[in-house]
Amino acid sequence: AFFSATRTMRATHQSRPCHLLGSRLSTPRGIVLSTRVHRRPRASTKARSFMDFLTRMGNGNSQSSGAGSTLPTASLDIGAAPSWEALHGMAAAMSHELGVPLPGDEDLENGPPNPMSLRRMFGTSEEPRVKLYRDHAAWCPYCHKVVLQLEEKRIPYVIEKINMRCYGPKPRAFMEKVPSGLLPVLEVDGQIITESAVIQSLLEQMYPDNCPLLPAQGTRERERAGALLQLERQLFGDWLNYLCRGAQKGRFESTMDAIDHELGVAGGGPYFLGEFSLVDIVFAPFLERIVASIPYYKGEMVRGQGRWSNLEAWFDAMETRPAYMAFKSDFYTHCHDLPPQLGGCVSTKEGRPVEAKIDGTDGSWSLPLSPITNQSLEPLSTGDSPAYDRFMAASRLIKNHEGVVRFALRGVGQPGQPAVSAPLADPYAKPNLDHQVEVDAALRYVAHLMLTGKVSDGSHEDSGVCTTGPSASASDAVPPSLIYLRDRVGVPRDMTYPAARQFRAHLNWMIDHVTGSS
């Protein structure tokens with residue numbers, strides 16, 4: 001049904017991403033490159049000193065060989081690639097310079113919000129009463145709502161990740177507790193609670209003193225909050241009709257007008273009730289997906305065009321909140337995770353140029369990358385910091401390189417059985433380890449290029465990537481392996497959008513380099 005309704009699309013995710021931090025390395029079904037969300041350095045003295053530091057690190061690297069761009073096709077000098085140990089040393093030095101921890105060193109229990117966290121304590125010592133069952137790939141918007149509420153209220157909780165049906169079976173133990181299999185599920189003192197609205201209401205009742213997110217009962221503001229939550233359900237239905245059936249465009253836009261109007265009524269602030277509330281949390285997951293999907297499938301911009309100016313201000317305000325930014329996805333991930341969840345999305349010819357940009361097929365995933373602004377196709381009011389974003393992507397790759405290499409080798413391995421409904425998701429695929437040496441070398445080069453920034457301008461001169469030398473070997477397996485990896489980097493599951501953008505573009509640079517397309 002999906003392929004009859006839409007064009008064939010690349011998918012972003014594997015069904016059950018493995019967690020490659022610490023003892024969870026053994027999970028065989030996917031890859032997670034998740035990274036803590038930090039405030040990125042602005043164009044300040046510190047940022048400039050970091051750029052100087054990057055230059056020193058790049059110039060001082062004895063592994064660089066200064067190879068030019070007229071190189072043999074499909075070969076790599078394995079021995080010339082920097083070792084993972086050397087790369088870790090570079091990343092550790094940069095981590096110290098930036099004042100941020102390397103992956104694996106973050107305080108996942110008490111530190112800033114992090115999509116890799118499975119246990120959140122917020123400085124408390126008692127065992128959490130709350131257990132949240134949510135989806136592995138961070139696709140589910142209803143799980144998204146509950147996570148944001150738990151983080152904003154700082155309620156201690158633990159997480160158990162469960163497959164969505166579109167990318168794999170659910171464990172028997174979970175199905176015994178929840179016969180419907182639907183997510184999210186909250187377990188409190190052994191009691192099972194389903195349905196996100198019920199869960200959110202219960203959390204407000206259980207923890208009234210933890211950052212109350214609703215006005216007091218019986219007030220006019222509480223009544224308005226209830227009406228706004230009904231408007232969110234109307235928005236969901238109108239968006240779904242337009243996205244999946246191509247119907248009632250006018251009604252969808254009218255509902256968006258109503259939402260923009262309600263944001264203007266607030267007066268005292270950019271949020272729905274003036275100050276941040278549960279209403280903002282409930283709206284956030286679907287507004288985020290609307291902003292991504294309507295341009296991709298319909299060719300119509302929702303954000304950055306000025307029609308809904310109050311909504312623009314709302315997004316800007318949300319992007320100042322650490323919890324929202326930690327769990328924020330990107331357009332590519334949303335546009336490919338929605339069809340398997342919804343049963344298909346109807347595309348129009350007007351959407352195809354936008355699709356090409358979001359998917360990178362028009363060259364937008366190639367170096368040099370344009371800056372991210374709140375006027376970009378994919379707006380982000382906080383912008384990007386390319387050197388920092390490259391560092392974050394590289395350090396995650398370095399930390400998890402064994403799992404990343406094996407995952408990439410699925411691109412030249414055997415497809416798995418049984419198949420799942422999410423396009424290109426293949427949780428049971430088997431990697432072809434015969435090509436481990438050359439793919440490992442290619443990814444070492446990619447990590448080094450991101451750390452040094454040597455090719456951030458798109459140049460192939462003096463990159464340090466050698467394709468001739470005593471240990472040069474044929475690399476026919478490298479391009480399909482890197483393509484497989486590139487198309488499955490998911491946000492926020494693996495890293496932030498700015499970091500993922502850098503990683504995808506540097507993988508493309510290496511693909512071009514070894515195929516002679518540079």
Side-chain angles (χ1 to χ4, degrees), residues 33-59 87 90-103 105-106 111-116 304 315-333 360 364-399 446-459 489 491-492 494-509:
L33 306 168
S34 259
T35 169
R36 177 179 177 179
V37 177
H38 301 286
R39 293 188 181 276
R40 293 186 295 278
R42 298 185 182 275
S44 61
T45 302
K46 181 174 182 179
R48 289 194 296 272
S49 69
F50 178 55
M51 289 300 298
D52 293 339
F53 178 74
L54 286 176
T55 301
R56 295 196 304 273
M57 292 298 292
N59 292 341
L87 291 167
M90 291 179 66
M94 294 179 183
S95 171
H96 178 75
E97 178 79 6
L98 279 173
V100 297
L102 285 171
D105 295 338
E106 309 102 322
N114 190 318
M116 277 296 291
F315 270 110
D316 290 348
M318 292 295 288
E319 288 169 356
T320 68
R321 308 192 72 85
Y324 178 74
M325 290 301 289
F327 295 95
K328 185 181 188 300
S329 190
D330 71 340
F331 283 16
Y332 178 79
T333 302
S364 59
W365 283 12
S366 298
L367 298 171
L369 294 171
S370 59
I372 302 175
T373 72
N374 59 2
Q375 297 299 313
S376 300
L377 171 64
E378 184 163 353
L380 190 64
S381 61
T382 55
D384 61 345
S385 180
Y388 177 85
D389 299 328
R390 290 195 306 268
F391 160 74
M392 293 305 295
S395 60
R396 179 57 56 185
L397 169 59
I398 294 163
K399 171 67 177 179
V446 168
H448 183 253
L449 293 173
M450 288 193 290
L451 288 175
T452 62
K454 283 191 171 186
V455 297
S456 60
D457 62 354
S459 170
V489 177
V491 177
D494 299 330
M495 56 184 68
T496 63
Y497 165 55
R501 188 169 175 256
Q502 291 289 341
F503 190 28
R504 292 162 181 160
H506 281 78
L507 288 170
N508 269 342
W509 185 95

How long is the straight-line distance from [atom2] of [Y] back to [atom1] of [X], given to the nearest 0.5 Å?
X: Lys454; Y: Leu367; atom1: NZ; atom2: CG; result: 15.0 Å
X: Ser366; Y: Arg504; atom1: OG; atom2: CZ; result: 13.0 Å
X: Ser95; Y: Asp105; atom1: OG; atom2: CG; result: 7.0 Å
X: Leu102; Y: Phe391; atom1: CG; atom2: CZ; result: 5.5 Å
X: Tyr497; Y: Tyr332; atom1: OH; atom2: OH; result: 13.0 Å

Min side-chain heavy-atom separation [X]-[Y] under 4.5 Å:
X: Pro322; Y: Pro112; result: no
X: Ser381; Y: Phe315; result: no
X: Val446; Y: Trp509; result: no
X: Gln502; Y: Met392; result: no
X: Lys328; Y: Met318; result: no
X: Met90; Y: Thr452; result: yes
X: Leu397; Y: Met450; result: yes

Do you know the tightest heavy-atom contact between [X] and [Y]?
X: Ala91; Y: Ile398; answer: CB-CD1, 4.1 Å
X: Asp457; Y: Pro368; answer: O-CD, 3.3 Å
X: Arg321; Y: Ala317; answer: CG-O, 3.7 Å
X: Ala499; Y: Ala393; answer: O-CB, 3.6 Å
X: Pro113; Y: Phe327; answer: CB-CE1, 4.2 Å
X: Val455; Y: Ser459; answer: CG1-O, 3.3 Å

Could you check whether any side-chain N or O of Thr333 sits under 3.5 Å from a backbone N or O of Val491, counting only pairs where one atom can act as donor and the other as acceptor?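 Such a contact is found between Thr333 side chain and Val491 backbone.
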Taking it one step at a time, do Leu380 and Met325 satisfy side-chain contact (heavy atoms from CB on, under 4.5 Å)? CA-CA 10 Å; Leu380 190 64; Met325 290 301 289; 3.9 Å; yes
Any ion pair linking Arg501 and Asp330 (charged N to carboxylate O, less than 4.0 Å)?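 Result for this pair is no, no salt bridge flagged.
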Is it true that Arg396 and Glu106 have a side-chain N and a carboxylate O under 4.0 angstrom from each other?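 Looking at Glu106 together with Arg396, the answer is yes, because their closest N to O distance falls below 4.0 Å.
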Would you check, one step at a time, whether the test side-chain contact (heavy atoms from CB on, under 4.5 Å) holds for Ile372 with Glu378? CA-CA 8 Å; Ile372 302 175; Glu378 184 163 353; over 6 Å; no
